[in-house]
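A short write-up of the structure that comes next.
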Amino acid sequence: MRFDAVRLTPGAAAGRLLVLTEPLSFYGGVDPETGVIVQTGHPRNGECLTGRVLALPRSTGSTVGSWTLLRMSRLGTAPSAVVSQATDAVLVTGTLAGGIVHLDGLAVDPAQDGAEATIPADGDWIEVACSGDDGGRPPAGRTTHGQAAAPAGSIVQDHPSIVNDGPVIVKLGGSLVTVKRSPVPRVDFDRLADLARLLATFLRGPAVILHGAGSFGHGPVARAGVLDRPLDPAARLDWGRIQALQYQLSALVCEALADAGLPVFPFQASALGRLSGGRFVPDTLEPVRRALELGLIPVLFGTPAFCDEPAGLGIASGDDLAPALALALGFPRVVHLTDVAGVHLTDPREDPASPVIPRISAGTVHEAAGELTVTSTDVTGAMAGKVARLLEVASHGVDSWIVDGRDPEAVAASLAGFPAGTVITR
Amino acid sequence: MDRTLPLSELPATGETLAHSRALGLLVALCRVARTDRVVPVASAHVSGVSYWNLGPAGLEYLESLASDGRVRVPTTLNPCAFWPAAPPPWVTDGQALLQARVLAAYEAMGVTPTCSCAPYLTDPAPLFGEHLAWAESSAVTFANSLLGARTEREGGPGALAAALCGFTPFAGLHLDENRRPRVGVRVTADLGEPWRAGLLGAWLGRTLGATVPLLTLDGPRPPGRAGWQALSAALITYGGAALFHVHGHTPEAAAFPTLPHQFVVTEAELDAERARLVDLTPGEAVQLVFSGCPHGVPGAPSPFPDGAPAPVRPWALFACGARHRGERTKGPPDTAGRSLRLPGGCPAVSPLPEEVRTVATDSVKAAFYLRSRGLRVGVASTEVCAGIAVTGRWPHAV
């Protein structure tokens, strides 16, 4: 089997694969005289690197590690090649100085440990002899830490057959873009950047992006207690501050999406519609349509909004906006990126082995409904209510995906229209 | 003006073998950083000077580059373990010779042996917006934050390759989008003493990770020059970004919109941070006291009292920039008994007297590195450290 990677140092190499699942510190973790791993607590402690094709996630530890590799090369104890998932400067400096073949951007499946591998002189790939264990299971997921210059052959090429480029609404869960348990509003920039890169890679057609409020919403709303208070002068101040906080979150989210190359354009939902009977009802989506026509990606977010009856203020969450916009704009698909793998049969926090229900439709819901459990502290987006609402829009022809936004393969599949996580359909 | 170059416009090989090897490393580092452009740099600052960091293979690498490699941009050097012409008493001649060979290799390449981790004090400081290839993490943070220059946190060989070629991968903090602050922090603690600013750096690094902060100082006193150095050094040592912005103090801060204050740092946070950095118990014997991390201006006075040799006294080491450019002295370092100056040296990367197990220091960064060498440490103000240099005991109340 052939696996593509990014070539960092020149040359050809061959040898038996040694696949490490834990990072290795070359300085102090490898004895340069013998080439043996001596890192305390390392699962492969005692293995000899000499002549092997060493696959590892990354290196850790002191920058002096470069010189350990050079020394091993001089002493003839070096590995014949290094295949890293995400290298750092320390590792590549060592392989380059020591003349060791080095490929990057590839996570090798630990099941291939011990298989014979070859790297051709100028190829950007590694050829692994089939060990015949599982009939060619693909290797573990590729890393996508690069931006546009991601390694040749990213996940896109793993799903070459159909790419669904129809319009889609993507909702980023508040628990993905913010540190949800944080007592103060706090953006999870690392997760957000990962998500932005995934969306930039896999979003093909017209799209609207929504995001939840996470620690920018639930904490401040609960602390101010605005939902349970009359609209007195103090409450007005609190509502205004909460609303302003959502602008700040959206500015940061949009900035991250734009950095990844997505042409985003933020809108503020309470200016486009109102809450009626607890549901978001758009008054005019004309500006959103115009943005879509110009090739922009409108971004909306959960926000305080005005209620019809009784007149006042309420919360229009991202989960309220998603189906409302899908129906009003005629978008046939909504992808909810969350921090769970889908709708579980029972609460996954109590039963980690609880299976994900792959498909929920009006016909099957009665089986699931009894078991559907609320899995979140979310004041607006609890899972059971979410599913009920999504089933309702499914009856109008809008299919919804609930997938784990931290799982690149699930995100890729759901955006391309393949089954992933839980699909809620008519 | 965009002065960046695509990799495709670079020559395939350099004029000398050393330049070819440097070019190869820079191309590989561009691939690691997933960029296909390089940017010319105004200066380079190279780390990897202590023989005890390099080892025999590192020395061999440097000496082979030095056979025909010459730097193309002004290049300064990080501290060595000790100034080889003036070694401290516990160092052998053989050790001094190895350190001298490292310095000679760098000098042969045209690197100025400033041997300071504060090149912005020994040489003309970088200008706002200049691109640099600097390797010393505290200097990188200082140059990015206080001076508004732009540098990634280079590795030693990467910075040397940039010095030889005159450019560096165009990635990370060279790009506008990675310099924006992401979290607002209000600081009400007093930062007048440098070590308190260092504690703030450690708190920020541990709490925020690599998120670039925008600080608002609401305390009685802002840091002085030494305080900004201590803050820069501690921030990146404890896992933080190589860049921070401060309203009214750093040049880029005004370019960004204000962020909500998601954190407030009071004296209590700094005191808790200090408690994490004290392994010593009150009254415990201290065998070494260290000040001067990061280096101050060359020739700055030591805070430690001179005095007659007293066997109960701990070693008191003060590191500072080397006298450089023809000012080099032969003979022993400025010394009086056990109070030593280490011009151009750094105890964190140097052999230490064998009996040393406990260290007191006013540097939050040094505490991290000395601890990682298995020593038990205590962080206190410079004044308290000067007292410990006399009493030899970790005090009961600090």
Side-chain angles (χ1 to χ4, degrees), chain A residues 6-10 27 32 62-75 84 86-98 102 104-105 145-151 179 182-190 192 215-216 241 244-245 248-249 251-252 255-256 258-260, chain B residues 21-22 24-36 47-48 50 52-62 64-65 135 137 152-161 169 171 175-178 180 182-184 207-212 257-264 349 369 372:
Chain A
V6 177
R7 179 173 279 272
L8 296 181
T9 66
Y27 178 67
S62 167
T63 51
V64 188
S66 307
W67 310 125
T68 305
L69 275 163
L70 175 59
R71 185 114 189 272
M72 291 170 77
S73 190
R74 293 281 187 274
L75 295 172
S84 51
T87 186
D88 59 359
V90 171
L91 188 55
V92 71
T93 302
T95 53
L96 196 67
H102 187 173
D104 186 48
H145 63 106
Q147 294 195 11
V179 182
S182 168
V184 292
R186 198 170 161 202
V187 174
D188 187 339
F189 285 103
D190 293 335
L192 181 58
S215 55
F216 280 66
R241 282 181 194 281
L245 205 55
Q248 286 175 334
L249 172 62
L252 295 169
E255 201 174 77
D259 281 351
Chain B
R21 288 171 72 183
L25 179 56
L26 287 173
V27 171
L29 291 175
C30 279
R31 292 206 182 119
V32 172
R34 305 290 192 263
T35 177
D36 55 4
S47 70
S50 164
W52 290 267
N53 274 1
L54 290 165
L59 177 57
E60 183 194 337
Y61 178 80
L62 287 177
S64 70
L65 281 182
S137 62
E152 267 290 274
R153 181 192 191 177
E154 303 262 0
L160 183 55
L175 277 66
D176 286 340
E177 58 259 42
N178 295 324
R180 287 189 292 234
R182 301 300 204 169
V183 54
T207 312
L208 305 178
T211 307
V212 176
T258 51
L259 288 169
H261 292 140
Q262 295 172 17
F263 298 93
V264 179
V349 296
Y369 284 102
S372 74

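Proteins get letters first, then strands, A, B, ... in listed order; numbering begins at 1 in each.
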Checking heavy atoms, do the side chain of A:Arg74, its backbone, both or neither come under 4.5 Å from chain B? side chain
For a side chain to side chain contact (heavy atoms under 4.5 Å, CB included) with B:Val32, tell me which candidate from A:Thr87, A:Leu91, A:Thr93, A:Asp88 qualifies. A:Thr87
Applying side chain to side chain donor-acceptor pair (under 3.5 Å) to A:His102 and A:Thr95, what does each step give before you reach the verdict? CA-CA 7 Å; A:His102 187 173; A:Thr95 53; 3.0 Å; yes
Could you work out, with salt bridge (charged side-chain N to carboxylate O under 4.0 Å, His left out) as the rule, every residue matching B:Arg153, not counting sequence neighbours? none
Just give me the residue among B:His261, B:Arg180, B:Arg21 that pairs up with chain A most often, heavy atom to heavy atom, under 4.5 Å. B:Arg180
Has the side chain of B:Arg31 got a donor or acceptor atom that lies under 3.5 Å from a matching backbone atom of B:Ala33? no
Check for a donor-acceptor pair, side chain of A:Ser73 on one end and backbone N or O of A:Gly98 on the other, with a separation under 3.5 Å. yes
Considering only heavy atoms, which portion of A:Leu8 lies under 4.5 Å from any heavy atom of chain B: side chain, backbone, both, or neither? both
Against chain A, label B:Pro257 side chain, backbone, both or neither, depending on which of its atoms sit under 4.5 Å from a heavy atom there. neither
Heavy-atom distances under 4.5 Å only: say whether B:Glu60 touches chain A with side chain, backbone, both or neither. side chain
